[in-house]
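This report refers to the structure that appears directly beneath it.
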2 protein chains.
Amino acid sequence: MATRIAEKGRDAERTAADILAAAQHVFAIRGYADAKIRDITAMAGANPALVSRYFGGKLKLYAAALDAALDARLITDLDRATFGETIVARFVEDRTDRVQPLPIMMSGASDTEAREVARTLLHDRIFAPLSDWFGGEAAMLKAARFMIVSTGFFAYRDQLPLDMFGGPVDSALREWLVSEFQAIVDTP
Amino acid sequence: MATRIAEKGRDAERTAADILAAAQHVFAIRGYADAKIRDITAMAGANPALVSRYFGGKLKLYAAALDAALDARLITDLDRATFGETIVARFVEDRTDRVQPLPIMMSGASDTEAREVARTLLHDRIFAPLSDWFGGEAAMLKAARFMIVSTGFFAYRDQLPLDMFGGPVDSALREWLVSEFQAIVDTP
DNA sequence: CAGTTAAGTAAACGACGGTTTACTTAACTG
DNA sequence: CAGTTAAGTAAACCGTCGTTTACTTAACTG
């Protein structure tokens with residue numbers, strides 16, 4: 001959760017990073033509109049005014065949070081033989097503080113301006129590169145399949161939690177997800 | 001769109017129905033938080049104050065809109081042999097004014113109170129009955145699979161539109177959806 | 001240590017939007 | 001047609017929340 005460990009001296013860079021990390025969490029589970037600046041900064045142990053100072057406002061903070069979640073790792077280190085397993089491991093067993101980009105994207109749907117930010121980044125940073133990586137005739141369809149399944153999964157894990165998604169993901173569900181993602185790359 | 005056809009006399013029932021229909025559309029595509037009472041009533045050709053009078057406020061209007069979208073037709077008329085085709089036909093070729101319940105549900109994720117309303121109705125009116133209908137050992141998993149794919153599809157069709165989802169759904173995507181839903185019932 | 005600068009804060013501001021209120025008007029009733 | 005009631009409206013109200021401002025305080029510099 002990137003909670004402040006010890007009392008820190010005055011460090012703008014560190015404070016901005018704390019705010020960004022808190023923003024990722026709050027945006028991801030509460031939605032853009034319901035994510036209050038005061039909540040985010042409280043979680044980061046910072047002052048609300050600093051959002052405007054360091055990021056230029058809520059919308060820019062959202063864009064920064066999304067951008068940071070979209071690190072370059074998405075496509076690299078992907079192997080076609082173990083695609084499904086790799087993806088699912090990243091989705092459900094990532095024990096780092098990393099916040100998944102897709103829930104943050106969906107969260108932007110609750111605001112007209114944030115939606116445009118999300119749409120653009122979604123296309124440029126996930127859909128297009130993924131489509132390129134799949135390649136071939138059905139590349140776009142494969143990318144769409146990936147997005148549909150991933151987004152549906154996160155929707156019920158993070159946003160509208162259903163009982164069976166809580167805690168450690170049910171093993172049968174996990175198995176299905178693996179085969180589902182693997183089937184995408186295995187499709188001719 | 002349930003647009004007012006002709007000038008109507010004063011008819012509270014009709015006005016309430018118009019507001020409800022407009023609410024379904026606006027909630028579905030804009031999200032609960034971004035759906036303004038003034039927008040909804042403008043679309044219905046009604047006065048904003050009537051939402052409080054007829055429905056008891058925005059949250060209650062949301063609950064009513066969701067409830068109305070969840071008609072009883074969900075499970076009835078489903079045949080295991082043609083499950084996939086039937087579902088997809090309902091999702092993408094429904095030319096009635098009917099608004100799909102799932103986008104309205106997802107829309108509730110952008111507000112703390114609306115989320116609870118959505119979660120409860122989602123479970124009681126879709127997940128549980130569907131799980132019952134599937135039956136057997138893996139009933140819950142099957143219901144989860146159905147929800148994941150449906151929700152992902154609507155997310156990109158209605159909320160964060162990607163290029164390939166716009167207009168008439170791409171035929172390859174449609175075909176995949178059919179096989180995906182059919183595979184759920186065909187799984188032992 | 002005095003002086004300067006950057007970091008951080010508290011409080012106020014202002015817009016937005018759901019709701020309430022006081023009022024107007026259409027429809028019905030006898 | 002007079003009188004009553006329900007439907008509808010315009011405007012004001014008020015809480016919330018992002019943002020701005022004026023201020024305080026910590027850290028560094030010579």
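Order of the sequence lines sets the chain letters (A, B, ...), proteins ahead of strands, with each chain counted from 1. Note that the coordinates shown come from a computational prediction; the quantities given were computed from them, not determined experimentally.
- Between A:D111 and A:R115, no side-chain nitrogen of the basic residue sits less than 4.0 Å from a carboxylate oxygen of the acidic one, so the salt-bridge criterion is not met.
- B:A33 comes within 4.0 angstrom of no nucleic acid atom, judged by non-hydrogen atoms across all strands.
- Nucleotide C:dA27 holds its C1' atom 17 Å from the CZ atom of B:R14, rounded to whole Å.
- The side chain of B:R10 lies closest to C:dA26, out of D:dA12, C:dA26, D:dT19.
- Salt bridge status for B:R30 with B:D39: present, with a side-chain N to carboxylate O gap under 4.0 Å.
- Axis angle across the helix from C:dC1-D:dG30 to C:dG30-D:dC1, with five pairs used at each end and values rounded to 10°: 0°.
- For A:N47 and D:dA26, the CG to P distance is 15 Å, given to the nearest whole Å.
- Atom pair B:R38:CZ and C:dT20:P shows a separation of 13 Å (rounding to whole Å applied).
- Within the 4.5 Å cutoff, no side-chain heavy atoms of B:E116 are placed close to those of A:L160.
- For the pair B:K36 NZ and D:dC17 C1', the computed distance is 14 Å after rounding to whole Å.
- Every pair passing side chain to side chain donor-acceptor pair (under 3.5 Å) that includes a residue from residues 140-155 of chain B is listed here, sequence neighbours excluded: A:Y156-B:T151, B:R145-B:T187.
- Taking atom CG on B:D18 and atom P on D:dA7, their separation rounds to 15 Å, with Å as the unit.
- For B:T15, taking side-chain heavy atoms from C-beta onward, the closest of the listed nucleotides D:dT19, C:dT19, D:dG8 is D:dG8.
- Under a 4.0 Å N-O distance rule, the pair B:R80/B:D186 does not qualify as a salt bridge.
- We find that CD1 of A:I37 is positioned 16 Å from C1' of C:dT9, with the value rounded to whole Å.
- Using cut-offs of 30° and 60° on the angle between ring planes, the pair B:F83 and B:W133 is parallel.
- Taking atom NZ of A:K60 as the reference point, atom C1' of D:dG18 lies 14 Å away to the nearest angstrom.
- The residue from A:R174, A:Q182, A:R90 that alone fulfils the side-chain hydrogen bond (donor to acceptor under 3.5 Å, both in side chains) condition with A:E85 is A:R174.
- Rounded to a whole Å, the CD atom of B:E13 is 14 Å from the C1' atom of D:dA6.
- A heavy atom closer than 4.0 Å to some atom of DNA chain C occurs in A:A49, A:L50, A:R53, A:Y54, these being the qualifying members of residues 48-56 of chain A.
- When only modelled atom types and interatomic distance are considered, A:D79 and A:T86 share no side-chain donor-acceptor pair under 3.5 Å.
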### Derivation of the ring-ring contact (aromatic ring centres under 6.0 Å, His included) call for A:F55 and A:Y62
CA-CA 9 Å; A:F55 296 92; A:Y62 174 74; over 10 Å; no
